[in-house]
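Letters A, B, ... are given to chains in the order of the sequence lines, protein chains preceding strands, and every chain is numbered from 1. Small disclaimer: the values here were computed from a predicted structure and weren't measured.
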Number of protein chains: 2
Amino acid sequence: MTTTDTLDPLVWDPYVRDCPTRALLDRIGDRWTVLVIGALADGPQRFSQIARRVDGVSQKMLTQTLRALEADGLVTRTQYPEIPPRVEYELTAVGHTLRDPLRALEEWAVTHMPAVLAARAARG
Amino acid sequence: MTTTDTLDPLVWDPYVRDCPTRALLDRIGDRWTVLVIGALADGPQRFSQIARRVDGVSQKMLTQTLRALEADGLVTRTQYPEIPPRVEYELTAVGHTLRDPLRALEEWAVTHMPAVLAARAARG
DNA sequence: CCGTATCCCATATGATACTG
DNA sequence: CAGTATCATATGGGATACGG
């Protein structure tokens with residue numbers, strides 16, 4: 001037997017109240033995950049590199065986001081025993097499968113920002 | 001001149017701290033927007049229909065989500081002066097452009113839920 | 001039926017200071 | 001460099017009651 005048969009995968013449906021996919025969507029839709037995954041899409045990155053790329057993220061939130069991604073198997077963390085310490089984060093195979101959907105979202109936001117601003121202004 | 005040249009569209013970039021695209025991503029990534037847009041993908045829906053489809057959403061959050069989508073020009077609200085009142089929500093043209101990216105996200109969540117659960121279980 | 005108003009709590013996030 | 005710990009705050013979100 002397996003350890004993944006908590007529920008029947010065939011019935012997983014985020015439209016259903018307690019389906020775990022809903023919590024998963026919550027997580028990948030949070031304020032920083034989209035950007036952190038995007039930053040890591042370019043290849044392995046150090047903590048400070050990601051922090052610079054994701055402008056404005058606090059140390060706390062970056063750590064927290066990376067830990068969550070690690071726990072979900074989307075990112076690996078590799079620490080090199082050097083001084084000063086060096087730590088690299090990298091997308092896993094599963095993490096890579098998120099790149100395209102998230103990039104599509106980013107592109108949507110950039111493409112349609114003018115239309116959204118216009119709609120907001122129209123009811124100013 | 002136009003009213004949409006708040007910033008140069010060519011430099012819109014969610015990786016930059018105060019870029020409005022980042023707030024837009026926040027919004028469409030919130031707990032309910034993905035599901036509400038998905039519900040409306042089937043065509044115009046009444047408030048109560050959406051509420052049933054998006055299992056567990058509170059009246060308050062559904063109203064709030066729909067108002068935000070309306071303000072951003074992604075959804076239209078049509079009230080029919082009947083008794084009892086009937087209100088229909090429908091995706092705008094721009095709203096429709098969100099369907100595919102969001103559906104891709106949903107599908108990612110459903111597809112990779114087992115892998116994520118396995119990763120979580122693997123670290124007890 | 002379709003909301004609005006209010007209260008309340010949990011959590012997400014930020015700022016700051018400290019450590020191996 | 002790469003965190004951890006702590007405090008403070010803003011926001012998200014639910015429950016409930018009421019209104020057109």
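- At a threshold of 4.5 Å between non-hydrogen side-chain atoms, the residues B:W108 and A:L25 do not count as touching.
- The pair B:R27-B:D30 does not count as a salt bridge, with every side-chain nitrogen at least 4.0 angstrom from each carboxylate oxygen.
- Computed from coordinates, the B:I28 CD1 to D:dG12 C1' distance equals 18 Å when rounded to whole Å.
- Rounded to whole angstrom, the span from the CG atom of A:L62 across to the C1' atom of D:dC1 amounts to 13 Å.
- A sub-4.0 Å separation between OP1 or OP2 of D:dC1 and a side-chain N or O of A:Y89 is absent.
- To the nearest angstrom, P of D:dT6 lies 15 Å from CD of A:Q64.
- Here the closest heavy-atom approach between residue B:I50 and residue B:Q45 is recorded as CG1-CB, 3.6 Å.
- Nearest to the side-chain atoms of A:W32 among the listed nucleotides D:dA2, C:dT13, C:dC7 stands C:dT13.
- The side chain of B:K60 lies closest to D:dG13 when the candidates are C:dC1, C:dG14, D:dG13.
- The nucleotide whose nearest atom lies closest to any side-chain atom of A:M61 is, among C:dG20, C:dT13, C:dT6, C:dT13.
- Nearest nucleotide to the B:R46 side chain, out of D:dC1, C:dC1, C:dG14: C:dC1.
- With D:dG13, D:dG3, C:dT13 as the choices, the nucleotide that has an atom nearest any side-chain atom of A:F47 turns out to be D:dG3.
- Remark: A:R77 is not in phosphate contact with D:dA2, judged by side-chain N or O atoms under 4.0 Å from OP1 or OP2.
- Contact record, B:V57 with B:L62: CG2-N, 3.8 Å, taken as the closest heavy-atom pair.
- Across all strands shown, B:Q59 has heavy atoms under 4.0 Å from base atoms, whether or not it also approaches the sugar-phosphate.
- Look at CD on B:E88: it is 12 Å from P on C:dG3, rounded to the nearest Å.
- Between A:T63 and D:dG3, a side-chain N or O to OP1/OP2 separation shorter than 4.0 Å is absent.
- Summarising the geometry, the separation between CD1 on B:I83 and P on C:dG3 is reported as 15 Å, rounded to the nearest angstrom.
- For A:S48, counting side-chain heavy atoms from C-beta on, the closest listed nucleotide (D:dC1, C:dT13, D:dG3) is D:dC1.
- When each of A:R17 and A:Q79 is assigned the nucleotide of DNA chain D bearing its nearest heavy atom, the one mapping closer to the 5' terminus is A:Q79.
- For A:D13 and A:R22, the salt-bridge test fails: no basic side-chain N is under 4.0 Å from an acidic carboxylate O.
- One atom, CZ of A:R31, and another, C1' of D:dT11, lie 9 Å apart when rounded to the nearest Å.
- At whole-Å resolution of the value, CG in A:D55 and P in C:dG14 are 12 Å apart.
- In this structure, B:R46 fails the cation-pi test against B:Y89, since its NZ or CZ atom is not both closer than 6.0 Å to the six-membered ring centre and inside 45 degrees of the ring normal.
- Within the 4.0 angstrom heavy-atom criterion, only backbone atoms of the sugar-phosphate kind lie near B:R67; the bases stay farther away.
- Atom CG of A:L66 is separated from atom C1' of C:dT13 by 16 Å (rounded to the nearest Å).
- Residue-level contact check: A:Y80 touches neither bases nor backbone, having no heavy atom under 4.0 Å from any strand.
- Residue A:P85 places its side chain closer to D:dA2 than to any other of C:dT13, C:dG3, D:dA2.
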